[in-house]
Enquirer: 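Structure provided below as structure tokens; questions to follow.
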Amino acid sequence: MIKKTVNLFLALSLLSLSIRAQENQSVKTDSIIFENLVHDYGTIVQGSDGNFEFKFTNKGKMPLILTN
């Protein structure tokens, strides 16, 4: 019983450390800075395109992959 408890504790500890290492790694390798975070469209005419270009800079050391 004690051996199973110790094994469970070790497994959970390793899982926790691996998750924390992944979080820390992503903070150090990527950094995106937006010129503006919000755009007020005001009143939009029906049928207009409503497009706006958000400009940003990659300040990190790794390429950014935008998926959504």
Side-chain angles (χ1 to χ4, degrees):
M1 178 71 173
I2 293 175
K3 187 175 181 180
K4 287 183 181 181
T5 304
V6 170
N7 286 341
L8 178 63
F9 176 74
L10 288 174
L12 291 175
S13 297
L14 289 173
L15 179 63
S16 174
L17 287 174
S18 67
I19 290 171
R20 190 173 287 273
Q22 289 176 356
E23 288 174 359
N24 290 339
Q25 190 177 29
S26 68
V27 171
K28 293 178 184 176
T29 59
D30 60 354
S31 178
I32 185 169
I33 307 296
F34 281 89
E35 220 174 80
N36 297 317
L37 295 177
V38 177
H39 175 71
D40 182 8
Y41 284 96
T43 304
I44 300 175
V45 178
Q46 185 174 358
S48 62
D49 66 5
N51 288 330
F52 180 77
E53 185 177 306
F54 285 93
K55 296 180 183 180
F56 62 90
T57 304
N58 179 8
K59 294 288 188 178
K61 296 179 181 177
M62 301 291 290
L64 291 171
I65 300 172
L66 304 177
T67 57
N68 270 331

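We use all heavy atoms of the structure for the numbers below, so side chains are in, but hydrogens, waters and symmetry mates are not. Residue indices begin at 1 and follow the sequence shown.
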Enquirer: Output the distance between atom CZ (F54) and atom CD1 (I32), rounded to the nearest 0.5 Å.
Expert: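 Reported value, rounded in 0.5 Å steps: 11.5 Å.
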Enquirer: Under a single-linkage definition using a 4.5 Å side-chain heavy-atom cutoff for Ile, Leu, Val, Met, Phe, Trp and Tyr, are V38 and F56 assigned to the same hydrophobic cluster?
Expert: yes
Enquirer: Out of curiosity, does F52 fall in the hydrophobic cluster containing I33 (side-chain heavy atoms, cut-off under 4.5 Å, transitive links)?
Expert: no
Enquirer: Got a second to check how far N58's CG is from L64's CG, nearest 0.5 Å?
Expert: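 CG of L64 is found 3.5 Å from CG of N58.
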Enquirer: Check D40 against G42 and note the closest heavy-atom contact, atom names and distance.
Expert: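 Between these two residues, the closest heavy atoms are OD1-N, 2.9 Å.
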